[in-house]
Amino acid sequence: MKNWKRNVRRVIPYTPGEQPNEPDMIKLNTNENPYPPSPDVFAAMRAFDADRLRLYPDPTAGVLVDALAKRYGRKSSEVFVGVGSDDVLAMCYLTFFNSGKPILFPDITYSFYDVWANVFGIPFASQPLDENLCIRRQDYYKENGGIVFPNPNAPTGVYLPLADVEDIVSHNPDVICIVDEAYIDFGGMSALPLIDKYDNLLVVQTFSKSRSMAGARIGYAFGNERLIGYLNDVKYSFNSYTMDQWTLSCGAAALGDEAYFRATVEKIVATRERVKRELAALGFTMPDSLGNFLFIRHRSVPARELFEALRKAHIYVRYFNKPRIDNMLRVTVGTDEEMDRFLTFLKEYLKKSLKE
Ligand code: PMP
């Protein structure tokens, strides 16, 4: 073996969902928003002066940080921004999970959590969800090096009541707890107000889902000034200019259009609730999701078979070939029309396959 090979940082990377590009496809595999961003984002893009690209962007991302602070009623010093919440979460790991003790997260959860732990050499111990796919708060009372979980959880969609979130945070005053609220706008209560009460809490959110801007890559964290200061120190030791000026303007514009944000979220929630009922009538079961996706299992047809059949029809959903969830499909809530096509396909497929 050549010597350099011994020193390579070998990792098993995160596998992102496919990004196929077929004109007739229905893309329900990566929890994107089926509606466009606010018209104010289009306007901000048109108004952007490309000459500005000669210059480096504002390293403090001031226009976006200030807009987030205003929208959420916080101080700018309590806001950290990054290139999607993936970047923000990775920075949190790097900054806060350095005790050498295992960090804790659920066994069925966002599949990036163990990837970051591995790439940064952080030990971890995953905690099994209960038989209803819920987080058991008592599992997070043991000694640990930090805690991270999504609320609602992904890919289950299950929401942990705020009292349980607080219970976990309050049992862990000596480590940082990260609540990943990528899907919180679709029905849950945010833990954001708790940052005043707990100095060990970070709440992470994203523009990728409820604000229809996955392609812009904007994520953010709220926490007390000290935590945000530590995050910025690590960011500036890595790359001062994580976010480009164009994205900063578009992000700030999106935050100004509260009415559009609310209307889009309401449409998705209404579609989600309708599709839950229609899927149940077709023989599917699912945990009660508060995200913009459903995690479904059919009473007789295996998930893998449905996944392949849907794919052939250019309907993309997500299948995880992993213990405990290998008979489930995660389906993003699309427009009503997309979901009707999805349901019609399932109805016909199930009729055929149950007859055989
Ligand atoms: N957290 C969870 C739970 C997610 O499902 C996702 C989306 N894949 C992310 C974080 C990252 O989202 P983004 O980087 O687009 O903000």
Side-chain angles (χ1 to χ4, degrees), residues 13-19 27-34 37 41 61 64 68 79-94 103-117 119 126 129 133 135 147-160 165 177-188 190-191 202-222 231 235 242-244 247-248 250-251 254-255 268 272 287 289-295 316-320 322 325 328-333:
Y14 171 73
T15 319
E18 277 181 279
Q19 291 294 348
K27 194 171 177 307
L28 308 175
N29 68 333
T30 46
N31 296 348
E32 288 139 332
N33 195 310
V41 174
L64 179 63
L68 278 163
V79 183
F80 175 78
V81 294
V83 186
S85 50
D86 283 341
D87 179 45
V88 172
L89 289 162
M91 286 291 144
C92 293
Y93 271 55
L94 204 51
I103 62 165
L104 308 181
F105 48 77
D107 64 338
I108 299 167
T109 195
Y110 185 33
S111 46
F112 227 137
Y113 293 161
D114 57 349
V115 174
W116 286 313
V119 75
S126 57
L129 298 181
L133 300 179
I135 288 175
I147 290 173
V148 55
F149 59 89
N151 199 30
N153 195 6
T156 63
V158 174
Y159 171 71
L160 186 69
V165 173
C177 299
I178 304 171
V179 184
D180 173 357
E181 295 189 337
Y183 302 102
I184 197 70
D185 294 328
F186 300 104
S190 174
L202 283 166
V203 175
V204 176
Q205 298 188 358
T206 178
F207 279 49
S208 298
K209 319 293 178 184
S210 53
R211 295 188 191 274
S212 311
M213 291 174 71
R217 311 304 299 125
I218 306 178
Y220 50 102
F222 296 109
L231 276 169
K235 173 198 129 162
T242 49
M243 306 188 67
D244 67 80
T247 299
L248 294 176
C250 291
L255 288 166
I268 292 170
R272 177 187 73 202
S289 171
L290 283 196
N292 66 337
F293 55 89
L294 298 168
F295 199 43
Y316 291 89
V317 299
R318 193 90 192 254
Y319 173 73
F320 300 94
K322 286 189 175 170
I325 57 169
M328 306 205 70
L329 296 175
R330 193 194 68 190
V331 182
T332 306
V333 177

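Both ligands and their constituent atoms are indexed starting at 1 by order of listing. Since we're looking at a predicted model, the values are computed, not measured. Quick note: numbers below take in every heavy atom, side chains included, and nothing from hydrogens, waters or symmetry partners.
Counting heavy atoms under 4.0 Å from ligand 1, residue Asp86 touches it through both backbone and side chain. For Ser208, every heavy-atom contact with ligand 1 shorter than 4.0 Å involves the side chain, none the backbone.
Counting heavy atoms from C-beta on, the side chains of Gln19 and Lys27 come closer than 4.5 Å. In this structure, Tyr14 and Trp116 have side chains that are not in contact, with every pair of non-hydrogen atoms separated by 4.5 Å or more. Side-chain atoms of Phe222 and Val79, non-hydrogen and from C-beta on, do get closer than 4.5 Å to each other. Counting heavy atoms from C-beta outward, Leu290 and Arg272 have side chains that approach closer than 4.5 Å. A heavy-atom distance below 4.5 Å is found between the side chains of Val148 and Tyr93.
Ion pairing between Glu32 and Lys209 fails under the 4.0 Å rule for side-chain N and carboxylate O.
Thr332 places a side-chain N or O within donor-acceptor distance of the main-chain N or O of Asn31, the cut-off being under 3.5 Å. Glu181 contributes a side-chain N or O that, together with a main-chain N or O of Ala191, makes up a donor-acceptor pair within less than 3.5 Å.
Here the heavy atom of the protein found nearest to atom 8 (N) of ligand 1 is Tyr110 OH, 3.3 Å. Nearest protein heavy-atom contact of atom 12 (O) of ligand 1 is Ser85 OG, 3.2 Å.
Geometrically, ligand 1 and Thr206 share a nitrogen or oxygen pair separated by less than 3.5 Å.
Nearest-heavy-atom check against atom 2 (C) of ligand 1 across Asn31, Asp180, Leu89, Asp87 picks out Asp180.
Look at Phe207 and you'll find every heavy atom at least 4.0 Å from all atoms of ligand 1.
Atoms of ligand 1 found under 4.0 Å from any heavy atom of Lys209 (numbered from 1 in listed order, with element): 7 (C), 8 (N). Listed by number with element, the atoms of ligand 1 under 4.0 angstrom from any heavy atom of Arg217 are 13 (P), 14 (O), 15 (O). Those atoms of ligand 1 that come under 4.0 Å of a heavy atom in Gly84, given as number and element, are 14 (O), 16 (O). Residue-ligand proximity, Tyr183 to ligand 1, at heavy-atom distances under 4.0 Å covers atoms 3 (C), 4 (C), 5 (O), 7 (C).
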